[in-house]
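What follows is a short report on a single structure.
Counting starts at 1 for both ligands and their atoms, in listed order. On a predicted model such as this, the values are computed, not experimentally measured, just so you know. Below, all heavy atoms of this structure are taken into account, side chains as well, without hydrogens, waters or symmetry copies.
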Amino acid sequence: MSDLRFKVVEEAFDRKAIPVEIPSERPERYYGKYVFNRQKMFEYLPKKTYDALVNAIDNKEPLSREIADSVAQGMKRWAIDNGARHYTHWFHPLTDGTAEKHDAFIDHDGKGGVVEEFTGKLLMQQEPDASSFPNGGIRNTFEARGYSAWDISSPAFILDKTLCIPTIFISYTGESLDYKTPLLKALNAVDKAATGVAQYFDPEVKHVHSYLGWEQEYFLVDEALYSARPDLVMTGRTLMGHESAKNQQLEDHYFGAIPSRVEAFMLDLEIECHRLGIPAKTRHNEVAPNQFELAPIFEETNLANDHNLLLMSLISEVARRHNFRVLLHEKPFAGINGSGKHNNWSLGTDTGVLLFSPGKTPKANLQFITFVVNAMAAVYHHNALLKASISSATNAHRLGANEAPPAIISIFAGAQLSDILEKIEKSTTTDILEFASKSGLSLGLSQIPEIMLDNTDRNRTSPFAFTGNRFEFRAVGSSANCASAMIALNAAVADQLNAFKKKIDERVEKGDDLTHALLDEIRALIIESKPIHFDGNGYSDEWKEEAARRGLDCETSVPKIFDAYLSNESVMMFDRTGVFSKVELEARNEVKWEMYTKKIQIEARVLGDLAINHIVPVATRYQSILVDNLVKIKTLFNDDKYSEIVKQDLNTIEKMARHMSIIKDEVETMVNARKDANRLTDEREKAIAYHDNVVPRMETIRYHIDKLELMVDNEMWPLPKYRELLFIR
Ligand code: ADP
Ligand code: MG
């Protein structure tokens, strides 16, 4: 066996679980230990400062400089008490992860020494020299500087002995250069819009929160095996590898017993999560071998998203302690399931009502149906945009493949909700009057059966499903920043609710009864957004045809899917809700196209290198062994006998030659396609060229390499095979 492969496989298979240090305190004692939460604020801040800060957080009001100084003092004291020596503004640039630039808590004391230093100014705003973050030209066009500013709604925390302060990241002229800024704007928009509508049902409502419960799927690979796969190291996925004879056919991994090495890792991770205030709750094996999931209890969307980003860096760190590498890529292995990050999303009032949860009275259920139908209408009107919000070079491998939601957005409502929608759609004025007068029976809104609250019969093939008290946006990719999907969704729903409220208010002003107006507008929305409602099998080919007939967006080329951000409807919607200006949208799309190109470019380079410098040489060596052998055999037999016994060998030699020749040709074509694409200056055109001309070459190259894997002597194959990578013991 290839020496390296032999060594790493043995190393991986010998590995034992690493014991985890379990804290002696109970979980509620160490939960949030490293978070500057209200409890710590109360402990470390003067009463006046504490009250002012809490008021600013709860009512979304600005903080005075004086209060900020006082907060900074308390926060610094807490951080130093907990071992921190540095602080950083922690922000979410338009790359995959988070960004930080650490500064020590020190300043000159004027006597040749230093003092601990941290002020309100440093807490509230900084100017990181972060000019190399992608910005789509915004900072060239406007002003070179980018600012980070404290997001007081998300608590500061300590990670690796550094105080991390969640911040937004914007240009000098105010354009957002990150994910958090537009997310906060979208959450604000949906708060205002939904509060306006919720007040029809309860005038006491002052705020509506958006909630997010993400489910993070990931793969684990042993560190030694990982390091022997340059494709995993450089691109996060295997660019080649023949399917293992056994993978997920037996469905023995899903919800199966968790291997002890993995269990130790998970426990360690959960303890770390809890110390950082991430409410990690559920863990289980996923469908594919080596695939797992972690889900926390849902939280307010901005915080939930910070927690997901934090988790994504934490998980890699903890995995390494256990000699694993975590793969957050959407499709690390061909032929088995990819990883997603279901975004469970809902809206809830500050009076404690979940707006997508049916109630016990007709009135509560009218509210429920109002919000559900508006959400459906928003998803319908902006289905192309929502798809763009979850699209990326990496998620493209997962969407539309067998086990994942198709590259078409539709909504699964389930039997009971569908039944109610139908009843309302077919309702008459008499039904509505009957509803207003008493029971709501005829519309199915009197009491919605409990079973709906526990909507277990879920359609896994739907990218956007109603699941009893929330919607589950399943098309989101495992490596994505959830903000992208949450910005588009919350903004679209805000815009829809505003339009709805406008219509209702106009009708009521003209003397129409409120209930009547609501039901009538709901009925109109149900009819209008019918094309988005699909409870059937989203994986079927018939659905693709049907979706096209219904006018849903069916584009499959990722660079073209991004166009949806710049459609008239999207630009106007984002403008009305104040989430993005057109300039910002244009700049961000430049970044998306550029990122797409770069990802494919890196993959293509790695694949070209592996194909020509790793695979072809090994295959050639094996082929030459076969040829040598034939020459020797020939000395032993007469011509007739010889041709008879070497038939298969000749065949193999010829087949290998053919595969290698195609690989070499295709690599050359791929390199030329890349060169041609690189000459294009327009980012969109370039991304399209990569999609159309480079990606197909990569697929062909892989196909032929995987064929060679089955022919070449197992002992000689240089890269760990799927069967070795995928079964942790
Ligand atoms: P499943 O895998 O069956 O979809 P999980 O239990 O793994 O479900 O995950 C469900 C996720 O949905 C959890 O993060 C949970 O906290 C979250 N969730 C539950 N109710 C809501 C809600 N009303 N709004 C947002 N998220 C929710
Ligand atoms: Mg799940």
Between [Y] and [X], do the side chains contain a donor N or O and an acceptor N or O under 3.5 Å apart?
X      : Y      : result
Glu215 : Asn344 : yes
Ser339 : Glu330 : no
Asp306 : Ser154 : yes
Lys341 : Asn308 : yes
His307 : Asn305 : no

Closest to atom 19 (C) of ligand 1 (judged by heavy-atom distance), picking from Arg470, Gln216, His342, His284 | Arg470
Looking only at distances, can you tell me whether any N or O atom of [X], backbone or side chain, sits closer than 3.5 Å to an N or O atom of ligand 1?
X      : result
Thr282 : no
Leu212 : no
Tyr211 : no
Glu215 : yes

[X] neighbourhood, listing ligand 1 atoms whose heavy-atom distance to it stays under 4.0 Å:
X      : answer
Leu354 : 23 (N)
Ile297 : 16 (O)
Glu472 : 4 (O)
Glu293 : 7 (O)
Asn344 : 10 (C), 11 (C), 12 (O), 17 (C), 25 (C), 26 (N), 27 (C)

Leu518 to Phe201 - nearest heavy-atom pair and separation = CD1-CZ, 3.8 Å
side-chain contact (heavy atoms from CB on, under 4.5 Å) partner of Leu347, the single match among Asn374, Leu354, Asn490 | Asn490
